[in-house]
Participant: 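Take a look at this one; I'll ask things after.
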Amino acid sequence: MSHPPIETILKRLDEAYPGATCALNYQTPLQLLIATILSAQCTDERVNKVTPSLFQEYKTARDFAEADLETLQEEIRPTGFYKNKAKAIQTCCRRIVEEYGGEVPSTLEEMVTLPGVGRKTANLVLGETHHIPGIVVDTHVRRLAKRLGLTQHDDPEKIEQDLMRLIPRERWTLFSHQLIHHGRQVCKARKPACDRCVLKDLCPSSTA
DNA sequence: CTCCCGATAT
DNA sequence: ATATCAGGAG
């Protein structure tokens with residue numbers, strides 16, 4: 001299956017979104033991990049509204065490990081899936097305390113064994129805090145990769161493999177952030193703004 | 001596959 | 001009213 005020229009896509013994205021980065025607010029790897037768990041099926045804007053007070057109350061993995069679960073649930077409730085997320089944060093932090101000395105593990109294999117942490121979360125955290133290249137396949141990356149004809153798959157792991165094959169390794173993290181920004185601002189799920197898309201002339205799905 | 005689940009845009 | 005939002009687990 002043919003697809004648009006990758007070099008052109010990368011160049012256009014660089015011009016449109018230079019230095020695109022994570023929109024979640026955080027100071028430490030642990031904070032980014034918590035924020036990313038909270039971001040599942042929820043806008044980053046809403047996560048950023050909850051995390052300042054949360055991170056002021058809970059400083060370390062041990063603090064989250066020892067938190068009252070119902071209190072934690074209420075504190076993160078606006079992000080949705082709050083029972084699952086609170087439990088994930090707590091069990092996750094307990095394992096970080098017990099098995100990793102309170103530090104977020106630094107490899108993908110270790111990260112994905114943590115409860116509530118899948119490849120999307122692991123790749124995002126490792127890319128940001130350890131500069132380990134990885135494709136972050138979230139809802140935006142999945143949608144744009146398909147619209148651009150860069151993959152035919154729906155399974156996030158297969159999409160990740162397709163994109164890793166197409167994109168130079170050193171660009172994986174930046175490319176993910178750029179696609180996500182483009183997905184949020186222009187190539188939106190419900191009403192894509194093809195008329196102001198920098199990729200419209202080479203996008204198989206463009207209506208402009 | 002289903003379930004978790006509140007907030008916002010359309 | 002309903003689709004969607006920086007997903008992951010059972």
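Please read these numbers as outputs of a predicted model, since none were measured by experiment.
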Participant: Name the residue closer to the 5' end of DNA chain B, choosing between A/Lys49 and A/Lys85 according to the nucleotide with the nearest heavy atom.
Facilitator: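 Nearest nucleotide further toward 5': that of A/Lys85.
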
Participant: When all nucleic acid strands are considered with a 4.0 Å heavy-atom cut-off, which category describes A/Leu38: base, sugar-phosphate, or nothing?
Facilitator: nothing

Participant: Which donor-acceptor pairs under 3.5 Å do the side chains of residues 131-141 of chain A make with protein atoms, sequence neighbours left out?
Facilitator:
residue, atom, partner, partner atom, Å
A/Asp138, OD1, A/His140, N, 3.2
A/Asp138, OD1, A/Val141, N, 2.9
A/His140, ND1, A/Arg143, NH2, 2.9

Participant: Let me check something: do A/Phe81 and A/Ile37 share a hydrophobic cluster, defined by ILVMFWY side-chain heavy atoms less than 4.5 Å apart, either directly or through other members?
Facilitator: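 Different hydrophobic clusters.
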
Participant: Between the base of C/dT4 and the side chain of A/Arg190, is there a donor and acceptor pair under 3.5 angstrom?
Facilitator: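 No pair found.
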
Participant: Whole angstroms only, please: what is the OH-C1' distance between A/Tyr82 and B/dG6?
Facilitator: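 Between C1' of B/dG6 and OH of A/Tyr82: 9 Å.
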
Participant: Return the value, rounded to whole Å, for the distance between atom NZ of A/Lys191 and atom P of B/dA9.
Facilitator: 12 Å

Participant: Considering every strand and a 4.0 Å limit on heavy-atom distances, what is the contact class for A/Pro115: base, sugar-phosphate, or nothing?
Facilitator: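 Sugar-phosphate, no base atom in range.
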
Participant: Can you tell me the distance, in whole Å, between the CD1 atom of A/Ile76 and the P atom of B/dG6?
Facilitator: 12 Å

Participant: Take atom P in B/dT10 and the same atom in C/dA6, then report the distance between them in whole Å.
Facilitator: 13 Å

Participant: Flag the pair A/Asp44 / A/Ser39 as yes when at least one side-chain heavy-atom distance between them is below 4.5 Å, and no otherwise.
Facilitator: no

Participant: Could you go through nucleotides 5-7 of chain C and list every protein N or O atom that sits under 3.5 Å from one of its N or O atoms, giving the distance for each pair?
Facilitator:
residue, atom, partner, partner atom, Å
C/dC5, OP1, A/Arg143, NH1, 2.6
C/dC5, OP2, A/Thr139, OG1, 3.0
C/dA6, OP1, A/Asp44, N, 3.3
C/dA6, OP1, A/Asp44, OD1, 3.3
C/dA6, OP2, A/His140, NE2, 2.5
C/dA6, O5', A/His140, NE2, 3.2
C/dA6, O4', A/Asp138, OD2, 3.3
C/dA6, N6, A/Thr21, O, 3.4
C/dA6, N6, A/Ala23, N, 2.6
C/dA6, N1, A/His177, ND1, 3.0
C/dG7, OP1, A/Thr139, N, 3.2
C/dG7, OP2, A/Ser39, O, 3.1
C/dG7, OP2, A/Gln41, N, 2.9

Participant: Considering only distance and modelled atom types, tabulate donor-acceptor pairs under 3.5 Å from the side chains of residues 185-196 of chain A, sequence neighbours left out.
Facilitator:
residue, atom, partner, partner atom, Å
A/Arg196, NH2, A/Gln185, O, 3.2

Participant: Of the options B/dC5, C/dA3, B/dA7, whose atoms approach the side-chain atoms of A/Pro78 most closely?
Facilitator: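 Given the options B/dC5, C/dA3, B/dA7, the side chain of A/Pro78 is closest to B/dA7.
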
Participant: In whole angstrom, give me the gap between the C1' atoms of B/dC4 and C/dT4.
Facilitator: 15 Å

Participant: Describe, in one word, how the ring planes of A/His181 and A/Tyr17 are oriented to each other, choosing from parallel (under 30°), tilted (30 to 60°) and perpendicular (over 60°).
Facilitator: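 Aromatic pair A/His181/A/Tyr17 classed tilted.
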
Participant: Tell me, yes or no, whether the heavy-atom count around A/Glu70 atom CD, taken from other residues, nucleotides or ligands under 6.0 Å, exceeds 12.
Facilitator: no

